[in-house]
Number of protein chains: 2
Amino acid sequence: MKDIKHFLRQNSLRPTKQRVIIASYLFDGVNKHVTAETLSNKLLKMKAGISLATIYNTLHDFYEKGLLKKLMINSDRIYFDTNTEHHHHFYSKKDQKLIDINVDMKVSGLPKPPKNKKINKIEVLVHLDN
Amino acid sequence: MKDIKHFLRQNSLRPTKQRVIIASYLFDGVNKHVTAETLSNKLLKMKAGISLATIYNTLHDFYEKGLLKKLMINSDRIYFDTNTEHHHHFYSKKDQKLIDINVDMKVSGLPKPPKNKKINKIEVLVHLDN
DNA sequence: CAATACATTAGAATCGTTCTAAACTGATAT
DNA sequence: ATATCAGTTTAGAACGATTCTAATGTATTG
Ligand SMILES: [Mn+2]
Ligand SMILES: [Mn+2]
Ligand SMILES: [Zn+2]
Ligand SMILES: [Zn+2]
């Protein structure tokens with residue numbers, strides 16, 4: 001509890017009740033992929049009713065501070081990833097679930113980017129069938 | 001015109017006026033990435049006012065027949081790709097533009113998929129900076 | 001304990017997409 | 001051809017994820 005408040009302060013975020021609850025869930029040491037909806041459901045199960053507006057605000061605040069990564073994989077929801085290292089994913093459309101690929105992968109045969117463009121990052125998404 | 005009607009019939013699609021217009025634009029030999037909105041704008045410029053509902057219906061009908069690929073890259077719009085071969089993309093968030101990568105690329109070091117799951121396809125997305 | 005800047009919230013607004021239901025049209029049979 | 005009917009188009013409503021608004025609440029600092 002003390003460490004989470006300290007952690008939030010270190011990231012220029014006021015340790016409000018809601019932020020402490022959300023941060024202690026998200027940053028408990030186990031990497032997670034959440035959407036606003038899955039996070040809201042999880043918080044409800046923990047008897048912590050936090051408004052959707054606050055959930056969206058908090059996810060974006062954490063993202064702006066670099067504590068979360070945003071994943072645009074799906075056209076109808078934004079995933080937030082507590083693993084901020086560069087990594088890749090398995091994705092099961094059926095389960096709407098992401099699984100980290102933490103091993104080093106190499107992409108070979110990449111062509112040059114178009115004129116005046118620089119490569120920012122390479123993302124590999126491995127779609128699963130079932 | 002005759003070939004497009006024939007092409008639509010071959011794909012069990014009635015060659016209506018709107019479908020002929022949309023198909024002759026999409027399948028003119030030059031691969032394209034369109035959204036409902038960019039397609040609508042293009043059709044307006046061609047003096048072909050087709051309702052958004054029909055544009056959505058038609059894109060999905062073509063998709064169901066395997067004439068288009070759906071790309072879920074961005075959380076706020078669905079891209080349809082006239083290149084139905086397996087391939088990868090450069091993506092410029094700034095321009096909201098996709099560019100095909102048609103050369104053979106290889107991904108090495110891929111771990112095994114989770115138990116009971118099979119790999120469907122591997123998608124490489126190369127994000128561009130500017 | 002003020003004072004104040006920042007945060008939370010319910011509900012409205014937004015926007016891409018999907019749905020509805022009525023009008024229309026291409027294909028087929030007579 | 002004309003009638004028939006299933007399939008298609010359309011305007012507008014509905015939907016759902018996300019963002020905005022503006023009123024209320026709270027953490028921080030003096
Ligand atoms: Mn989706
Ligand atoms: Mn987007
Ligand atoms: Zn991840
Ligand atoms: Zn493509």
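Order of the sequence lines sets the chain letters (A, B, ...), proteins ahead of strands, with each chain counted from 1. The structure presented is a predicted model; accordingly, all values stated were derived computationally and were not measured. Any value given below was found using the heavy atoms of this structure, including those in side chains, with hydrogens, waters and symmetry copies removed.
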**OP:** Starting at atom CG of B:L59, determine the distance to atom C1' of D:dT8, rounded to an integer number of angstrom.
**Re:** 15 Å
Original post:
Does B:E85 CD have over 12 foreign heavy atoms under 6.0 Å away?
Top reply: no
Original post:
Taking CG from A:D61 and P from D:dC20, how many angstroms apart are they, rounded to a whole number?
Top reply: 13 Å
Original post:
Are any of A:Q18's side-chain N or O atoms less than 4.0 Å away from OP1 or OP2 of C:dT9?
Top reply: yes
Original post:
How long is the line joining CZ of A:F80 and C1' of D:dT18, in whole Å?
Top reply: 10 Å
**OP:** Classify the ring geometry between B:H87 and B:H33 as parallel (under 30°), tilted (30 to 60°) or perpendicular (over 60°).
**Re:** tilted
**OP:** For A:I55 and C:dA7, give me the distance from atom CD1 to atom P, rounded to whole Å.
**Re:** 17 Å
N/O donor-acceptor pairs under 3.5 Å from side chains in residues 109-121 of chain A, not counting sequence neighbours:
| residue | atom | partner | partner atom | Å |
| --- | --- | --- | --- | --- |
| A:K117 | NZ | B:D95 | OD2 | 2.6 |
| A:K117 | NZ | B:N130 | O | 2.8 |
| A:N120 | ND2 | B:D129 | OD1 | 3.3 |

Original post:
B:S51 side chain N/O closer than 4.0 Å to the phosphate oxygens (OP1, OP2) of D:dT10?
Top reply: yes
**OP:** Without swapping roles, check the side chain of B:T82 against the backbone of B:K32 for a donor-acceptor pair under 3.5 Å.
**Re:** yes
Subject >> Partners meeting side-chain contact (heavy atoms from CB on, under 4.5 Å) with A:T16 (sequence neighbours left out) >> reply: A:R14, A:Q18, A:R19
Original post:
Between B:L8 (CG) and D:dG7 (C1'), how many Å, whole number?
Top reply: 14 Å
**OP:** Could you run through nucleotides 17-30 of chain C and give me one letter per nucleotide, 5' to 3': B if any protein heavy atom sits under 4.0 Å from the base, S if only the sugar-phosphate is that close, - if neither?
**Re:** BBB-----BBS---
Subject >> Whole-Å distance separating the CD1 atom of A:I21 from the C1' atom of C:dT8 >> reply: 12 Å
**OP:** Starting at atom CG of A:N74, determine the distance to atom C1' of C:dG16, rounded to an integer number of angstrom.
**Re:** 14 Å
**OP:** Hey, could you give me the CG/OH distance between A:L39 and A:Y56, rounded to the nearest 0.5 Å?
**Re:** 10.5 Å
